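Below: the structure, in structure tokens.
Computation of the quantities below employed the complete heavy-atom set of this structure, encompassing side-chain atoms and omitting hydrogens, waters and symmetry-equivalent molecules. Model, not experiment: these values are computed from the prediction.
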Amino acid sequence: MKWLAGLAVLLGLFGTAGAASAHPLGNFTVNHYHGITVSPDRVVLRAVVDTAEIPTLQERPSEVDGYAPRECAALAAAVAVEVDGRAVDTVVRSSAVEFPVGEAGLPTTRLTCEVEAAASGETVVVRDGYRADRVGWREMTAVGDGVALVDPPVPAVSVSGELRTYPEDLLADPPDVRSVTLHVRPGDGGSAAGTPLPDGGPSLLSRATAALTSVVGTRDLTPWVGLLAVLLSLVLGASHAALPGHGKTVIAAYLAGREGTPRDAVVVGATVTLTHTAGVLVLGLVVSVAGAFAGEAVLRWLGVVSGLLVAGIGTTLLRAALTRRRADQELVGTAHGHGHGHGHAHGHGHGHGGFRLGRGGLVGMGLAGGLVPSPSALVVLLGAAALGRTWFGVVLVLGYGLGMAATLTTVGLLLVKLRDRLSTVERLRDRFTALPALTAGLVLIVGTGLAVRSLLG
């Protein structure tokens, strides 16, 4: 009955997980919404800033210390309003802050400011410079009140409900609107451009992640629910490893070739577990003690390092493949030079054996797979620590890493077993001697692409 009760709790969490997953772009994000209303004699800006769990934890805002008036004043100073080409001063008319509960029981911050600029004209420009260095959703809307907007480039209705519900349709390419130019004419018509996009609802993986973080945020944690949470962390880690990234291209290319062995697959999987777990623990410690620490920047640079590791392994494999191919060609030429009497040498043209990575190369693969910590695992750790259950957060992070390693190791072992059974593939590979070099080149390209993508954010 206790198992059933625990399972019922998790199923209930799955059913409500859509509401809990408040920041699908990441737990490091600072998200902006600016609703612009243009009137005959003024421009009013309703600004909402939705700060996710980790920066909220770092900044520790509080209404007691006047957070809302201070931050709204900073926002008004960072937002530039121009009317007919001249800068207009802005004043704060109201400010408010809330601290909704986010993932793993951690608070988030929802700052709402109303900023006003007294001016009128035919062209209105609004630029958002507030916290421009932080990653996040940036959205603007515009309507006319007593005036008409001519072909406004932004919609009249917020597609996110003023940062309350982020449409999954746009998560792959979220809005990053930092400025808008509006053309105004006399009239009563407001802008009718733009309607909210339909939201298909959170994915199963998002629901599972929200379920785990909800368990972590539960103050009354029973042993059975805790055990189910550990099992769920294993499943989530395994699912996370199946997503793009984590050096899977390198691991698959190496193990599918003649070089990889089952032991190699296990070494890589173990390194992934240790690297990912250590990375989450270290990042969690630094985030907790350093308020000005930009965690998303660290993740970006770790992504660059991971990509460079992949590119380095690809370079090593490519050099080895080219060297082996030249040696094979020289051996074949020597055999032909001595006539058919030594034809057995030709038959062993691939007798040099395959190139195997040393322990350093295998560890490099594991580092590439686990170097970038999962923000979800970090939130789980921080949420557990906030409730005085740091040990439980560490156990869940370890389970997350074990789940990732299980996926990568299992796939690697299956590739090795499948490769050993497919003699036809072996013969084709021997015939097309350029295949190892092409595979290594692909690994090099993928690693370079990962590094560049991370560098560009």
message: Between L149 and V184, is there a side-chain heavy-atom distance shorter than 4.5 Å?
response: yes
query: Rounded to the nearest 0.5 Å, what separation is found between the OG1 atom of T112 and the OH atom of Y33?
result: 11.0 Å
message: Between E139 (side chain only) and P175 (backbone N and O only), is there a donor and an acceptor less than 3.5 Å apart?
response: no
- prompt: To the nearest 0.5 Å, how far apart are CZ in R46 and SG in C113?
  reply: 10.0 Å
query: Has the side chain of E53 got a donor or acceptor atom that lies under 3.5 Å from a matching backbone atom of E103?
result: yes
query: T90 side chain to A76 main-chain N or O, any donor-acceptor pair under 3.5 Å?
result: yes
- prompt: How many angstroms lie between CG in L274 and CG in L398, if you round to the nearest 0.5 Å?
  reply: 8.5 Å
query: Is a donor on one side and an acceptor on the other found under 3.5 Å between the side chain of T51 and the backbone of T56?
result: no
message: Quick one: does any side-chain atom of T29 pair with a main-chain N or O of A52 as donor and acceptor, under 3.5 Å?
response: no
- prompt: Should Y130 and V30 count as side-chain neighbours, where that means a heavy-atom distance under 4.5 Å?
  reply: no
message: I want to check something: taking the side chain as every heavy atom from C-beta on, are S120 and P40 in contact at a cut-off of under 4.5 Å?
response: no
message: Less than 4.0 angstrom from a charged side-chain N to a carboxylate O is my criterion; do R131 and E59 meet it?
response: yes
Backbone N/O of A238 and side chain of T407: donor-acceptor pair under 3.5 Å: yes
- prompt: Which value, rounded to the nearest 0.5 Å, describes the distance between L396 atom CG and T277 atom OG1?
  reply: 11.5 Å
- request: Go through the structure and list residues passing side chain to side chain donor-acceptor pair (under 3.5 Å) with E114, not counting sequence neighbours.
  value: none
task: Please report the C-alpha distance between L381 and V394 in whole Å, then the side-chain angles of each, then the deciding distance to 0.1 Å, and finally whether the side-chain contact (heavy atoms from CB on, under 4.5 Å) criterion is met.
output: CA-CA 6 Å; L381 175 65; V394 173; 4.1 Å; yes
- request: Indicate yes or no: at least one non-hydrogen side-chain atom of I36 is less than 4.5 angstrom from one of V43.
  value: yes
message: With a 3.5 Å distance limit and no angle check, can you tell me whether D84 reaches the backbone of T123 through a side-chain donor-acceptor pair?
response: yes
- prompt: Hey, does the side chain of N31 reach the backbone of D50 with a donor-acceptor pair shorter than 3.5 angstrom?
  reply: yes
- prompt: Within the side chain of S158, is there an N or O that forms a donor-acceptor pair under 3.5 Å with the backbone of S160?
  reply: yes
task: State the CG-CG distance between L57 and N27, to the nearest 0.5 angstrom.
output: 11.0 Å
statement: Rounded to the nearest 0.5 angstrom, the CE-OG distance for M140 and S179 is 6.5 Å
- prompt: Relative to the ring of Y67, is the ring of F99 parallel (under 30°), tilted (30 to 60°) or perpendicular (over 60°)?
  reply: tilted
query: Which of these, H34, R178, E82, sits in a side chain to side chain contact (heavy atoms under 4.5 Å, CB included) with R127?
result: E82
task: Answer yes or no: is there a side-chain heavy-atom contact under 4.5 Å between V177 and V154?
output: yes
- request: Using a 4.5 Å cut-off on heavy atoms from C-beta on, say whether the side chain of V180 contacts that of P153.
  value: yes
